[in-house]
2 protein chains.
Amino acid sequence: MVAQSIAYSGSTAEARVRQAGLRPTRQRVALAELLFADGDRHISAEELHEEAQRADVRVSLATVYNTLHQFTEAGMLRILPVEGSKTYFDTNTSDHHHFFVEGENRLVDIDEGPVAVSNLPCPPDGMEISHVDIMVRLRPKKR
Amino acid sequence: MVAQSIAYSGSTAEARVRQAGLRPTRQRVALAELLFADGDRHISAEELHEEAQRADVRVSLATVYNTLHQFTEAGMLRILPVEGSKTYFDTNTSDHHHFFVEGENRLVDIDEGPVAVSNLPCPPDGMEISHVDIMVRLRPKKR
DNA sequence: ATAAGTGCAAACTATTTGCAGGAAA
DNA sequence: TTTCCTGCAAATAGTTTGCACTTAT
């Protein structure tokens with residue numbers, strides 16, 4: 001009998017955290033579960049913290065910040081290139097782009113078909129392209 | 001003889017400010033001169049403020065912030081979609097895109113040839129495309 | 001046992017705001 | 001002479017940090 005004594009052992013979230021080279025602490029695993037439970041998300045530290053509290057996950061805001069950055073460095077998250085004071089993280093790190101609704105500062109994934117970019121210039125020497133972010137800014141249609 | 005009694009009268013900068021529907025105050029005209037004197041620039045409020053001081057333009061930081069936002073609403077500037085705490089403004093509001101140097105958080109214009117985007121999805125109803133921002137993120141080439 | 005992670009509160013940075021005085025129309 | 005603008009200082013928002021305590025290995 002090898003019953004797991006720790007509640008979060010063996011979860012997908014734990015594996016994810018472990019693979020990132022991070023110790024699977026209660027807080028990290030719980031945050032990973034929240035972040036990656038359902039599909040693509042755009043979320044800020046404050047929002048994730050609130051969500052954690054609602055889910056009865058006790059974790060400090062400072063730890064949420066630390067964890068988000070650690071996850072980002074580990075390639076589990078990506079920082080969204082948006083204006084404004086808050087930093088938003090994207091749980092989808094694969095190639096995809098976004099609509100940005102001006103005024104509301106709201107982000108929506110562009111999922112229909114592959115958006116292609118042509119005539120991309122060569123990067124300066126010694127540099128290579130990490131990835132390409134396309135933000136399609138939208139405003140209310142004037143009529 | 002119609003000598004201009006006010007130093008900044010008749011300048012391009014004054015005309016620009018006036019056309020934006022803003023009163024051509026000493027501060028606004030001076031900041032417009034600094035901003036649009038030479039080509040495309042990526043600049044933050046703090047940086048513009050310092051530059052103003054160096055040029056012996058007396059203007060408060062609060063006014064620099066206000067002015068940058070007023071210029072942005074008037075379409076004279078554009079906010080750059082970059083991560084990080086500071087807001088950067090682009091003095092070039094025409095269609096062009098950027099390299100973003102990771103680590104250094106540095107922006108470089110992409111000026112070579114027209115970068116084209118194909119397969120752009122239709123915007124949701126009631127919305128139209130304001131413009132498209134492309135950020136080509138660069139990292140040091142591993143070797 | 002040891003190294004790494006966490007929580008708290010304080011510090012910090014960028015930005016905004018309220019209001020009294022000053023300048024443009 | 002009225003309305004808008006500016007400067008200052010205080011307020012705010014988001015994020016980071018120092019350090020004593022806890023947890024994973």
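Just so it is clear, the values below take in all heavy atoms, side chains as well, and ignore hydrogens, waters and symmetry mates. Labels below follow one simple rule: chain letters A, B, ... track the order of the sequence lines, proteins then strands, and each chain is numbered from 1.
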**Request:** Over 60° means perpendicular and under 30° means parallel, so classify the ring planes of A/His42 and A/His98, tilted if in between.
**Result:** perpendicular
**Request:** Would you kindly compare B/Ala45 and B/Leu22 by the position of their nearest DNA chain C nucleotide and give the one closer to the 5′ end?
**Result:** B/Ala45
**Request:** Choose from D/dC5, C/dG7, D/dG7 the nucleotide whose nearest atom is closest to any side-chain atom of B/Arg28.
**Result:** D/dC5
**Request:** Could you tell me whether B/Glu128 atom CD has more than 12 heavy atoms of other residues or ligands within 6.0 Å of it?
**Result:** yes
**Contact check, side chains of B/His131 and B/Thr93, non-hydrogen atoms, under 4.5 Å** = no
**Message:** Consider side-chain contact (heavy atoms from CB on, under 4.5 Å). Of A/Ile79, A/Thr63, A/Leu31, A/Leu35, which one does A/Leu68 pass it with?
**Reply:** A/Leu35
**Asked** Taking everything shown except A/Glu73 itself, do over 12 heavy atoms lie less than 6.0 Å from its CD?
**Response** no
**Item:** Nearest listed nucleotide, side chain of A/Tyr65, among D/dG7, C/dG7, D/dG14
**Value:** D/dG14
**Asked** Between B/Arg18 and B/Pro24, is there a donor-acceptor pair closer than 3.5 Å when you use the side chain of the first and the backbone of the second?
**Response** no
**Contacting residues from residues 73-88 of chain A, given that a heavy atom lies under 4.0 angstrom of DNA chain D** = A/Ser85, A/Lys86, A/Thr87
**Prompt:** Which of residues 52-62 of chain B sit near DNA chain C, with a heavy atom under 4.0 Å from it?
**Reply:** B/Ala62
**Request:** Rounded to the nearest angstrom, tell me the gap between atom CZ in B/Arg18 and atom C1' in C/dA24.
**Result:** 10 Å
**Request:** State whether A/Thr25 places a side-chain N or O below 4.0 Å from either non-bridging phosphate oxygen (OP1 or OP2) of C/dG5.
**Result:** no
**Heavy-atom closest pair, residues A/Leu34 and A/Arg41** = O-NH1, 3.3 Å
**Request:** Between C/dA24, D/dG7, D/dT15, spot the one nearest the side chain of B/Pro24, thanks.
**Result:** C/dA24
**Request:** Would you work out how much the helix from C/dA1-D/dT25 to C/dA25-D/dT1 bends between its ends, with each end axis defined by five base pairs, to 10 degrees?
**Result:** 30°
**Complete:** By nearest-nucleotide position on DNA chain C, the 5'-leaning member of B/His69 and A/Thr67 is A/Thr67
**Heavy-atom side-chain contact between A/Glu83 and A/Phe100 under 4.5 Å** = yes
**Asked** Do A/Met127 and B/Val101 pass the side chain to side chain contact (heavy atoms under 4.5 Å, CB included) test, and can you show the C-alpha distance, the side-chain angles, and the key distance before you say yes or no?
**Response** CA-CA 9 Å; A/Met127 295 273 125; B/Val101 183; 4.3 Å; yes
**Prompt:** Are B/Glu102 and B/Arg137 within salt-bridge range, i.e. N to O under 4.0 Å?
**Reply:** yes
**Message:** We want to know whether B/His96 and B/Asp40 form a side-chain donor-acceptor pair, criterion being a heavy-atom distance below 3.5 angstrom.
**Reply:** no
